[in-house]
Amino acid sequence: MKDYKILFTGSVCSGKTTAIRSLSDIETLDTDASASDVTVRRKKNTTIAMDYGVLELTSDARVHLYGTPGQERFRFMWEMLACEFAHDAIGMVLMVDNTRKDPFRDIRFYAKEFSDYLLKRRLIIAVTHSDVEPSPDYQEYLSALKNLGIMTTVMFIDARDPRAVLGIVEELISAVERNIDWDSVCDRLLDNNGFTLDFYKPLYEETLLDAAMNKRGVLGAMHLGDEQEILCSNIDDKPTKNLMRNIDRLTDAISDKAGFLGKVNNVVLAGPDVQTLSVFNDKSQSLCLCSDRDISLPVLKQQASDLLQWSIENDYLA
Amino acid sequence: MKELLGKVDEPGIIDCSCLLKGKDVIVSSFSKSKRNHETIAKQTFSYLFLNVAKQKTKHDEAHLEIGEQRLSGFLLKPGLVLVCLSDKNLNITKVRSHIQHIKHLILQSEVDKMLA
């Protein structure tokens, strides 16, 4: 029996679990837990350890499919998968969610994270959710990748569709395994796993503020545009709102005058018996949070970063 | 006062520090290479605590993450701010508890100076 391995990675909600589920001949191993943080804005469950499935190609060849957790806090699992379980994988599939605020930022991030891993194997970029957000399109991906110096295959897929995901496997395996009847594998998958649009239904109903408020310790949130205009807010206290807008104005001024010192990432105001006020900057937008004094800054930073990544340009989804 | 800043600066916690009175730096351990950070801290914390006073809130510490560093400002009393520069990944609680030890020494020194 020849055993091949493929590693799937990518951001939260990019479709890794769904892709593996679409392909697997066995009941997939999902290590999903209820999403207790901002991830809930997109889906109810999130992978916390790994996904695993097996696809039979012929009577003597099969592919083991491994999926990393999307959230950066489970980075230790990325390393474990790359160095242990899937250290001998034939290729890596980077799933890119096209609804993300900056999908190319995800590519840069994961290409860097897995740079050593990719020295010895092929990378395929699988773009998902392009039915919801068609831009950037195929040509834009090709030119962005060229600029990044990444020569690879880009495929636009629907992770729910076994035919589409099987195309990735074929792309990786057909060079080394020539006697596979891909059509019959595809028919079997469609018979067994099916393909319905309800298979994976993203939850877009919750707003940025809902997602922020879902985090333990967050008591209020305000989303500001690049001119400090309030895009949405559930903070009622006017002095607090004014204070946060002034802080945001200040960070813009510092970035203008002292950009050579680096990016102003955040400003936090704290004190005894008062809520902690934080302003997180990301290019042309900021997220202001009122939180319980006891909540730690690293936790807040993680949440704010996840929220800002796909807020302003996807608000029409809310 | 310079000796007190020596107690504030602690390898692995606080790289350097200064004391602001109003908009002026009255004593500092910022090196020449970190002078830009000191200038940013001066403008930032005087602006922030002025706003805090205007809005009548009780915030007495502020942290600004810039590049790989973090500037922290602790309001010791109205108009007097202790500024510390540390690594942005250092736990804020560490900085905060370190400053708590030093805070009363600085205030005592201020009182002594007034009485002298």
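To find a chain, count down the sequence lines: A is the first, B the second, and so on, and within it residues start at 1. Side chains included, hydrogens not; waters and symmetry mates left out as well; all remaining heavy atoms used. Worth saying up front: this structure is predicted, and the values here are computed from it rather than measured.
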Are any of the side-chain heavy atoms of B:His63 and A:Val267 separated by less than 4.5 Å? no

Contact check, side chains of B:Thr44 and A:Leu250, non-hydrogen atoms, under 4.5 Å: yes

Heavy-atom proximity to chain B below 4.5 Å, by part of A:Lys301: side chain

Is it the backbone or the side chain of A:Leu297 that comes under 4.5 Å from a heavy atom of chain B, or both, or neither? side chain

Which pair of non-hydrogen atoms, one from B:Asp60 and one from A:Gly271, has the smallest distance, and what is that distance? OD1-CA, 3.4 Å

For the candidates B:Leu71, B:Thr39, B:Val52, which exhibits the highest count of non-hydrogen atom pairs separated by less than 4.5 Å from chain A? B:Val52

Against chain A, work out which of B:Thr93, B:Ile92, B:Asn36 has the most heavy-atom pairs shorter than 4.5 Å and name it. B:Asn36

When you look at A:Asn265 and B:Ile66, which way does the side chain to side chain contact (heavy atoms under 4.5 Å, CB included) test go after all the steps? CA-CA 6 Å; A:Asn265 299 309; B:Ile66 182 163; over 6 Å; no

Out of B:Gln69, B:His37, B:Glu68, B:Lys34, which one pairs with A:Leu261 under the side chain to side chain contact (heavy atoms under 4.5 Å, CB included) rule? B:His37

Within 6.0 angstrom of A:Gln228 CD, more than 12 heavy atoms from elsewhere: yes

Do other residues, nucleotides or ligands put more than 12 heavy atoms under 6.0 Å from A:Phe85 CZ? no

dist B:Tyr47:OH -> A:Asn246:CG (nearest 0.5 Å) comes out at 3.5 Å

d(A:Leu269 CG, B:Lys58 NZ) to nearest 0.5 Å is 15.5 Å

Find the one option among A:Ser296, A:Gly262, A:Gly259, A:Ala270 whose heavy-atom pairs under 4.5 Å with chain B are most numerous. A:Ala270

Do B:His59 side-chain atoms and A:Gln275 backbone N/O form a donor-acceptor pair below 3.5 Å? yes

With respect to B:Glu65, which candidate in A:Thr251, A:Asn281, A:Asn266 satisfies the side chain to side chain donor-acceptor pair (under 3.5 Å) definition? A:Asn266

Which answer fits B:Leu64, side chain, backbone, both or neither, if we ask what part of it has an atom under 4.5 Å from a heavy atom of chain A? both

Contacting region of B:Lys88 [heavy-atom separation from chain A under 4.5 Å]: both

